[in-house]
Amino acid sequence: MRLTNRVLAVIGVHVLVMVYLVDRQLGSRLNDEAVAGLTREAQVVAAHWTPAIDAYALAHTDGRALGHRVTLIDPAGVVVGDADFDRDGMKQLENHSTRPEVVAANSGALGVATRPSRSDGDDQLYVAVRTPLGVARVSMPLISLATAISDARRAVMLAGAAALAIALLVAWSMSRTITQPLVELRNVARAIADGDLQRRASLAAPGELGDLALSLRELSVQLAARDAARRADEALLLQLTESLNEGVVGVDATRHVMRINETGRRLLGVRDALPFSADLIPRDRALREALQAAFEGETTEGSEATLLGRTVNITARPLASGGAVLALLDLTRLRRLESVRRDFVANVSHELRTPLTIIGGFAETLVQDDPPPDRRRQFAERILGNTRRMQRIVDDLLDLSRIESGGWTPNPVRVDLEAVAGDVIAAARDAASVKGVSLDAKIHLRARQVFADPTAIRQVIGNLVENAVRHTTAGSVEIFSLMRDDGGVTVGVRDTGSGIAPEHLPRIFERFYRVDPGRSRDEGGTGLGLSIVKHLVDAHGGTVRAESAIGTGTTIAVHLPPAAAPSSA
């Protein structure tokens, strides 16, 4: 369309120029030719005007022969012959001595003038020449020249219109062969620039347009292949960073976070959409110093900080583009495991040192001294008691290790809780009788059976009852079961003992943790019973919860699912 408009505009301008030239050049040319013709005619008339010729008759005769108005003027300016007037009419004519063409002719020059005729009002072209008898003048109306110019202008306009029509046809043909393919190539190029790399040019033509279309098609194919490779690399990089246990944070030179994996978001506690300002990350001093050092081109490794309650190892490295990359390693679990290991070693050492000290002291006394038989028997009983206590600690440690390491997996079946409760009560009756504690079981009718490993459920209930009897000086210890809404069963033990303070409740299932260490050791506890209970219940897919208050007793409830899928401890 633009090409067509430009072609039509060029042709239109040429037509206007031609019309202008016709008006100017052709008008001037025709006027000059008219003056030249009238001059020749005036000279012919002047040659015919002799004293022997009647001027009136000559004007009419030559006027008819020439087809123009012939006027003969004597030296005094009186018209003596005029082809347009008879004798009476000539008497009415004004004196022509002051007419411009007459004045010029009398002066010896060629008289030429253009003005409206005073007789009929039409514009006339007058040409006058001097003769011995006066002035001979020939005139013609200018309307004939205007008609010729108008005809020429009309012809030029018709030719221009024809040229415009032809140009329109040519431009339309060119638009189909050139413009439309160019428009298609333009649209394809715009689509590629906007990211639509599947767009292809459908043009298949010889010449430069065909080459351009082929090049554009190859360009889109290459860009699509490179974009697919880039997307694959980005997806692989994203999967790699998301699979890392470390938090990875990429910051550009403008201090905006451009990339962060889910671990990094969790450790930094940010959920803002990328990109976001680095000012939104926690304002920890160690983290800020590591990031600033990376911006200054330095690498920071092994710096630790506490972020949102977690211990994090920070590594910061500068980027060639001026930014920085942060690697955040969560050390919380490692530090907790180290603390558990230290506590475990310390607790085991402490638990074993006391009986070993007792055994060593009594053995040394028996070796060095010769006590009486009754004292010797007393020493041997103390040695045997502490040996059995160490044996129980070792056995519990072996059980706990076996459960935690996955060496034991539950084999759940339908277990009768009344039978299990009876066995446990029978085993703990002697210890309870010594302290005056009553043992009872309230098994709900709908919760008589539980889906669990028989040996494990006996050990769980047995440990809970043993622990309850140990910490109850008077009152009762009760085994209970309830049916839960989800079809599972709750089994537990409640007592009327001394109770547990709220600050101790979250830790009673830890290894060797004792609310009253001295009393527990005196009563023979190993500090591992509740920890074993928790691990056995976890292996069944269940949960354990403790409720207690000082002076009112303690309730420990085990929640087992209706058909727990056994899992590794």
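By convention here, the first residue in the shown sequence is residue 1. Values below: every heavy atom of this structure, side chains too, minus hydrogens, waters and symmetry copies.
Ionic pairing of Glu262 and Arg266 is not present here: no N-O contact between side-chain nitrogen and carboxylate oxygen is shorter than 4.0 angstrom. For the pair Asp227 and Arg231, the salt-bridge criterion is met [side-chain N within less than 4.0 Å of a carboxylate O].
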Exercise for the section: Could you give me the CA-CA distance, side-chain angles and deciding distance for Phe451 and Leu560, then say whether side-chain contact (heavy atoms from CB on, under 4.5 Å) is met? Expected result: CA-CA 8 Å; Phe451 192 74; Leu560 296 175; over 6 Å; no
Practice task
Show your reasoning for whether side-chain contact (heavy atoms from CB on, under 4.5 Å) applies to Leu328 and Asn313.
Solution key: CA-CA 6 Å; Leu328 308 175; Asn313 180 276; over 6 Å; no
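Annotation: side chain of Glu101 is not in contact with side chain of Val127 (no heavy-atom distance under 4.5 Å). Under the 4.5 Å side-chain criterion, counting only non-hydrogen atoms from C-beta, Val257 is not in contact with Pro275. Residues Asp82 and Leu93 meet the side-chain proximity criterion, which asks for heavy atoms closer than 4.5 Å. Between Leu110 and Val129, the closest side-chain pair of non-hydrogen atoms falls below 4.5 Å.
Between the side chain of His540 and the backbone N or O of Pro561 there is no donor-acceptor pair closer than 3.5 Å. Remark: the backbone N or O of Gln124 is not paired with any side-chain donor or acceptor of Arg69 at under 3.5 angstrom. Counting only distance, with no hydrogens or angles, the side chain of Asp330 and the backbone of Arg310 share no donor-acceptor pair below 3.5 Å. With Ser303 contributing its side chain and Ile314 its backbone, the two residues share no donor-acceptor pair below 3.5 Å.
With sequence neighbours excluded, the residues satisfying side chain to side chain contact (heavy atoms under 4.5 Å, CB included) with Leu66 are Glu41, Val45, Val70. With sequence neighbours excluded, the residues forming a side chain to side chain contact (heavy atoms under 4.5 Å, CB included) with Thr543 are His559, listed by chain and number.
Neither side chain, Glu218 nor Gln222, offers a donor N or O lying under 3.5 Å from an acceptor on the other.
With a 6.0 Å cutoff to the six-membered ring centre and a 45° limit on the axis angle, Arg87 counts as a cation-pi contact of Tyr56.
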